[in-house]
Amino acid sequence: MAGNKVICTTNNVEYIAIRKAMCAGARTLDEITEMTGICNKCEGCKSEIDYILSSVCGCKNVMLKDVIDAVKNGADTVDKVGEITGAGTDCERCKALVQNIIELGR
């Protein structure tokens with residue numbers, strides 16, 4: 001998902017706020033709700049939040065599960081995760097999220 005846009009139209013929460021929460025360790029809907037204030041009821045929340053939570057790199061279409069699997073299989077740096085999954089090798093915007101996944105293991 002490239003660029004920034006309002007995801008939660010009820011509370012005016014933008015995509016970048018959700019990604020920043022993920023970079024700070026939020027991985028569940030409850031954690032995202034608490035950190036960003038999304039409503040979980042508007043059309044944007046209903047249609048987009050699950051995908052946002054499950055994805056890491058939009059440029060290479062890398063999912064969270066792919067990065068977690070790479071980390072569990074020994075990838076202990078952002079560059080190693082990138083070699084395995086492609087995450088962070090294009091525009092590099094997802095590198096902070098990849099680093100957080102490495103640190104938390106989730």
Pair up each side-chain donor or acceptor in residues 64-71 with any protein partner under 3.5 Å, not counting sequence neighbours, and list the distances.
unit_1	atom_1	unit_2	atom_2	d
Lys65	NZ	Asp69	OD2	2.7
Asp66	OD2	Met63	N	3.1

Can you tell me which residue among Asn100, Val78, Val56 is in a side-chain contact (heavy atoms from CB on, under 4.5 Å) with Lys95? Val78
Value rounded to 0.5 Å, distance of CD in Glu83 from CG in Asp79: 6.5 Å
Hydrophobic cluster membership, with links at side-chain heavy-atom distances under 4.5 Å among I/L/V/M/F/W/Y: are Met35 and Ile38 in one? no
In terms of heavy-atom contacts, does CD of Glu14 have more than 12 from other residues, nucleotides or ligands at under 6.0 Å? yes
Distance (rounded to the nearest 0.5 Å) between Cys39 SG and Lys46 NZ: 8.5 Å
When rounded to the nearest 0.5 angstrom, what is the spacing between CG in Asn12 and CD1 in Ile7? 11.0 Å
I need the minimum non-hydrogen distance between Leu104 and Gly25, along with the two atoms involved. CD1-CA, 3.6 Å
Joint cluster assignment, Leu29 & Leu97, ILVMFWY side-chain distance < 4.5 Å: yes
Ion pair check, Glu48 and Lys5, cut-off under 4.0 Å: yes
How far does CE of Met22 sit from CZ of Arg19, to the nearest 0.5 angstrom? 4.5 Å
For Thr10 against Cys42, the heavy-atom pair lying closest together: OG1-CB, 3.3 Å
Lys72 NZ to Ile101 CD1 distance, which is reported to the nearest 0.5 Å: 11.5 Å
Is there a path of hydrophobic side-chain contacts, each under 4.5 Å between heavy atoms, that joins Val62 and Ile102? yes
Distance-minimising heavy-atom pair for Cys94 and Gly88: SG-N, 3.1 Å
Tell me if a side-chain donor or acceptor on Ser55 pairs with a main-chain N or O of Cys57 at a distance below 3.5 Å. no
Could you grab the distance from atom OH of Tyr15 to atom CD1 of Ile49, nearest 0.5 Å is fine? 10.0 Å
So, Arg106 and Glu31, do they make that salt bridge, N to O below 4.0 Å? yes
When hydrophobic residues are tied together by side-chain contacts of less than 4.5 Å, even through go-betweens, does Ile16 share a cluster with Ile52? no
Do Arg27 and Ile32 make a side-chain contact, defined as non-hydrogen atoms from C-beta onward lying under 4.5 Å apart? no
Can you tell if the side chain of Lys60 reaches within under 4.5 Å of the side chain of Thr89, non-hydrogen atoms only? yes
Write down the atom of Val81, the atom of Ala75, and the distance for their closest heavy-atom approach. CG2-CB, 3.7 Å
Counting distance only, does the side-chain N/O of Asp90 pair as donor-acceptor with the main-chain N or O of Cys59 below 3.5 Å? no
